[in-house]
Amino acid sequence: MDAQNGAGSGSAARAAPRPVTTVSGGSGDGRQESGQLKVGVKFYADDPSKLPQMVKLDFTRPLSALVEDLCAPWGIPNHQDFALQLQDPQNPSQMIYVTAKNRDEIKNGSVLVLSPSASEQVKSILESLRMGDATKKRAAVTQLAALAPDVTFAEEFITQDGMELLVTIIEKTGWDKSLSTVPFMMPELIGTLLGAYHDLIELHGIVSWDTVDQNVIAKVASYVNKSSFDPATVQISLTILESLLLNSSKQASVAREISLPHVMEHLKQPSLQQSILSLINAIFARGMNDAARQSLAQVILSSGTREIVLNEVIPLNQTPKPEIAKQLFILQMHLMKVINFRVMNHTWETETAEKHLQDLRKSTAAVLAEVPSYPSLTRKNSEPTEELSRLGFKHTRSPLDDLMPLPEGALVLDCMQYFAMKHPAVFRQWILESCSRSASDCPFLLASLHVVRVLLETFRVVELPSGEFPVGEYDRVVFTSEYPFEEAYVLGMQTLCRTWKEMKASAQDFMKVIGVLKEKVDLSLRDPPAPGSVEAWRERVKEYTYGKINEIREARKNAKEQLESKAEPIVQLREMLRSEVLGLITENRIRHMQEGTLFSHYERRMFAGKSKTWKCKLSINKKLLHYGDADESSSGQLAKVIGISEIKALLTGKECPHVKNKKNYHNVAFSLALIGENKAGENKTLDFIAPSEFEFNMWTDGLRVLLGEEMSSPLAASDMEELLTWEIKMRLLGTEGIAIPEKIPEMPPLPDNFNFAIAL
C-alpha cells in the first residue's frame, strides 16, 4: 500500500492536492451520508501555488475546522483569518459568506471560495479608505460595493464603525485633497460609494433610515439638483432619496432639498426616467401635505414639464417600458388624488366660489341676452335669478346651497366656471341648445354633476394609491393639458349634448343618456389605439354614436352569453332541461293539430263550384284524425276518420304520390301511408298540401311524435334552442354579476360520520 502511494507521488501529485476528507456512499437528495459533500474549493486570489481543490467535506463539523483543513494543503498558517464564500442562490453574481444559517445551501458540486474573513475584509477596506493612496481607495470602494449586500459583511462593517467613516466621506465628497490628482475618478467613486451606503442600510435592516442626518440628505440631493452629472451617481442618489421618503420620518427634509425643475430635466435621460418617476411618486405619497401636493401637481402639469414627459418619456411613436408605464399610472393616480382631495374633504373657499358663480352668471347672461324670451337680462343690475334658474339652480338667491351638500360640489363649480371662461363658444352653443328645449329637459347643473361623477369613475379617482396600487394603464391625455380633468369635463358636456340629440331624449331619459355617455367616454379613451391628446380624444368620441354604442352592447351581451353557454355548469343545465323543453314543444304541436288546419285540394284547384280546401284535426284523445271538405266559414262535423294506429308511415316532399311528378309543393307536401291497399292495388295514402312551411313543420312534427319518431323539422330545432336559451336566462336571473365557472366545482369530501345529534 505504501509503495503504491509512493509511486503516485511526484510533480503531478503536488499539482493537485489530495482531498482533506473522504466519504463513502450517498443519498438521493444530493447530500452525502453523514453530512459529507463533494465540492470544489478555490483560493480568492490568483496564486499559482494554490490550485483549486476537489474535496469531500463533512459539513457536520464546525466551519472553523473545515477552513483549517482547507488552509493546510495550501500552507496558509493563519486559518482563523479566512472563511468560505458561496454563490448567493438569490443573486448568482453575488458571493456571500458561509455561516451556520446558510450552510444548508451547499450542495454536491458547489464551488466555494476560500477568502479573508468578513472581519479581515472590513479592516482592510477601512484602512485603505482612511490611509491608502488613490488607487487603494478606488479598489476599496469597489470591494465595499461588492460585499455590501452580504449580511455577514454588513454586520462586521457596522460593528467596526464603518458607517461613520462613510458618512464623513459622503459629506466631504471625498478624502480632503487625496483625490485631487485624479479628478476623473470622482464621479465613479461617488456613485459606487453611495451604492454601497444604500445597500448597507436598505438590504439588512440593521441601520435605520432615520439615522441619516441632514448633511447627508443635502449632499445626496445636490447630485440630483445638478443639471449635468454622472448618470450612475444621479440614479443611486434618486434611489436613496426615495428610500428616505418611504422608510423614514425625514420626508419633509428630503422634499425641501429636492429641486423639482432640475429633477425634471433629468427625464431627458432614458436611463433615469424610471427612478425619477418613482421619486416623484414617493414625494406625492409621503413627502407632502395636501396643499403641497396640489402645488407639485401644478409643477407636473406645467407646460415645460409636460413637454419633457410627452417628448422624452411617452412619445407618440414609442411604447414605454412596462416599469415606466406602471410609474406613470401611479403618477396619474396621485394627480387625480389632488382632485379627490376636494371631493373627500369637502373644502370650500367662499371667496373663490362667489367669484366663480359671478363669472358663470355673467357668461350665461351674455348668452341668454341673445334669446328673445330673455329681454330683461340686457338691463343693468338685473337679478341673477333668471340665468341661475336657466342653469338649473333651485336656490337662485343663494346658489351655493345647491352645491355645498354635494361631495363633488366645489369640483363641479370649478368645472362649470372653467367651461364658461375657457371655452366660451362651446358654452354658448350648449346654453342656446338647452334654451331650445323646456327648462326641465337637461339642466346644466345636473348635467355637470353627473359628468363630473362619470369622470371621477373613469379616471379611477376613488382608487387612491395606498399599499398595493391598483392595476391599470395610464392615460396619455392626462399629461397633455394643464387642466386635464376640466378639459375632460368640457368634452363630456359636449358629448352629453350630442348624445341627447341622438337619443331624442327627454327629462325622463336623463340617466339613460348618462349611461350611454359613460360608455362613450370609456370606449373612446381606452380602446386601442388610445388618443394621444385631448383634441384627439374629442374627435374620436364623435365616432362612438348612439347606434354604435348599441351595437357594442349587443355584441358584448352575445359574447358573454356564448362564453357562458360553453361553461360546464351551463352545458349540464341545458342537458337537464332538454327533456322538459322537448315536452313543451311536443305539447305545442299536439294542441295545434287539435285545433285543426285548412289544407288545399290540389285536384280541385281548377274546378269551380267545388270546395278548394279541406280540414283535418286531431281528436282530443290523440287517437283519431278527423277530416273532410270545409272552408273558413264552415264549422260542421268532419265526416271522415282515420285512426293513428292505421298510419304506416309519414311521407314528405318527393316521396308523396300526389306531387311526385309535379315541380311545385315539394316543400309543403306530406302524405300519410295507411295500412292496406286501394282497389287498384296501390298503397292507400292521405295527401296534404300545407298552406305554409310553418304549418308543414307543425304537422309533420306532431305526426312524428304520434308515430313514436323524433321531430326533425328546422322549426323544432329553432324552438328547442330558443326555449332552452330563455329558460336558462330565467334560471340565472339571480346570478347577475356572478361569474359562471368554466368547470363545476368539486364536491367537498363527506364527513367522517353523520352523527349530528346534539347531546343535551
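Being a predicted model, the structure only gives us computed values, none of them experimental.
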Given L316 and R476, is the side chain to side chain contact (heavy atoms under 4.5 Å, CB included) satisfied, shown in steps? CA-CA 9 Å; L316 276 174; R476 194 177 191 274; 3.7 Å; yes
Evaluation steps, salt bridge (Lys or Arg N to Asp or Glu O under 4.0 Å), between E473 and R526: CA-CA 9 Å; E473 296 183 1; R526 302 274 160 69; over 6 Å; no
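- Not counting sequence neighbours, F393 has no partner by the ring-ring contact (aromatic ring centres under 6.0 Å, His included) test.
- Between L445 and L403 the shortest side-chain heavy-atom distance falls below 4.5 Å.
- By the salt bridge (Lys or Arg N to Asp or Glu O under 4.0 Å) test, K394 is found to be paired with no residue, residues two or more places apart in sequence or in another chain being considered.
- Taking the side-chain contact (heavy atoms from CB on, under 4.5 Å) definition, one finds that N311 meets it with E307, sequence neighbours left out.
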task: Could you walk me through whether V220 and V212 pass side chain to side chain contact (heavy atoms under 4.5 Å, CB included), step by step?
output: CA-CA 11 Å; V220 172; V212 180; over 6 Å; no
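- A search for side-chain contact (heavy atoms from CB on, under 4.5 Å) contacts involving I552 returns L523, Y544, K548, R556, not counting sequence neighbours.
- Among residues two or more places apart in sequence or in another chain, the salt bridge (Lys or Arg N to Asp or Glu O under 4.0 Å) test is passed with D527 by none.
- In this structure, CG on N225 lies 10.0 Å from OG on S237, to the nearest 0.5 angstrom.
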Please evaluate residues V313 and F479 with respect to the criterion side chain to side chain contact (heavy atoms under 4.5 Å, CB included), reporting the C-alpha separation (whole Å), side-chain torsions for both, the decisive distance (0.1 Å), and the verdict.
CA-CA 11 Å; V313 183; F479 302 96; over 6 Å; no
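- The CD1 atom of I514 sits 7.5 Å away from atom CG of L446, with the distance rounded to the nearest 0.5 Å.
- With sequence neighbours excluded, no residue forms a salt bridge (Lys or Arg N to Asp or Glu O under 4.0 Å) with D402.
- Side-chain atoms of Q274 do not come within 3.5 Å of backbone N or O of S271 as any donor-acceptor pair.
- Residues E257 and Q214 bring a donor and an acceptor atom of their side chains to less than 3.5 Å of each other.
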For a side chain to side chain contact (heavy atoms under 4.5 Å, CB included) check, start with the C-alpha distance between K501 and E433, then their side-chain angles and the critical distance, and finish with the verdict. CA-CA 10 Å; K501 290 187 289 185; E433 290 192 9; 3.4 Å; yes
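- Listed by chain and number, the residues in a ring-ring contact (aromatic ring centres under 6.0 Å, His included) with W537 amount to none (sequence neighbours excluded).
- With sequence neighbours excluded, the residues forming a side-chain contact (heavy atoms from CB on, under 4.5 Å) with K542 are R498, E539, listed by chain and number.
- Counting heavy-atom neighbours within 6.0 Å of E351 CD, excluding the residue itself, gives a total of 12 or less.
- Under the ring-ring contact (aromatic ring centres under 6.0 Å, His included) criterion, H204 pairs with no residue, sequence neighbours left out.
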Exercise for review: Go through the steps for R428 and E370 under the test salt bridge (Lys or Arg N to Asp or Glu O under 4.0 Å), then give the verdict.
Suggested key: CA-CA 10 Å; R428 174 180 174 276; E370 304 177 26; 2.8 Å; yes
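- Residues Y489 and Y418 keep their aromatic ring centres 6.0 Å or farther apart.
- A distance-only check finds a donor-acceptor pair linking the side chain of T305 to the backbone of V299 [under 3.5 Å].
- Between atom CG of residue L194 and atom OG1 of residue T239 there is a gap of 10.0 Å, rounded to the nearest 0.5 Å.
- Between E408 atom CD and C415 atom SG the span is 11.0 Å, to the nearest 0.5 Å.
- Among pairs with a residue in residues 264-278, those fulfilling salt bridge (charged side-chain N to carboxylate O under 4.0 Å, His left out) read E265-K268, at least two apart in sequence or across chains.
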Could you give me the CA-CA distance, side-chain angles and deciding distance for E323 and K326, then say whether salt bridge (Lys or Arg N to Asp or Glu O under 4.0 Å) is met? CA-CA 5 Å; E323 299 82 5; K326 178 183 177 182; over 6 Å; no
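- Between K422 and E487, none of the side-chain N atoms (NZ, or NE/NH1/NH2) sits under 4.0 Å from a carboxylate O, so this pair counts as no salt bridge.
- Distance CG/L245 to OG/S278: 11.5 Å, rounded to 0.5 Å.
- When the side-chain contact (heavy atoms from CB on, under 4.5 Å) test is applied to M503, the partners found at least two apart in sequence or on another chain are T499, A505, K512, V513, V516, Y546.
- Checking side-chain atoms of D359 against main-chain N and O of A420 turns up no donor-acceptor pair under 3.5 Å.
- Taking F427 as the reference, F419, F444 meet the ring-ring contact (aromatic ring centres under 6.0 Å, His included) condition, with sequence neighbours excluded.
- Interatomic distance, CG of L525 versus CZ of F459, reported as 5.5 Å (0.5 Å rounding).
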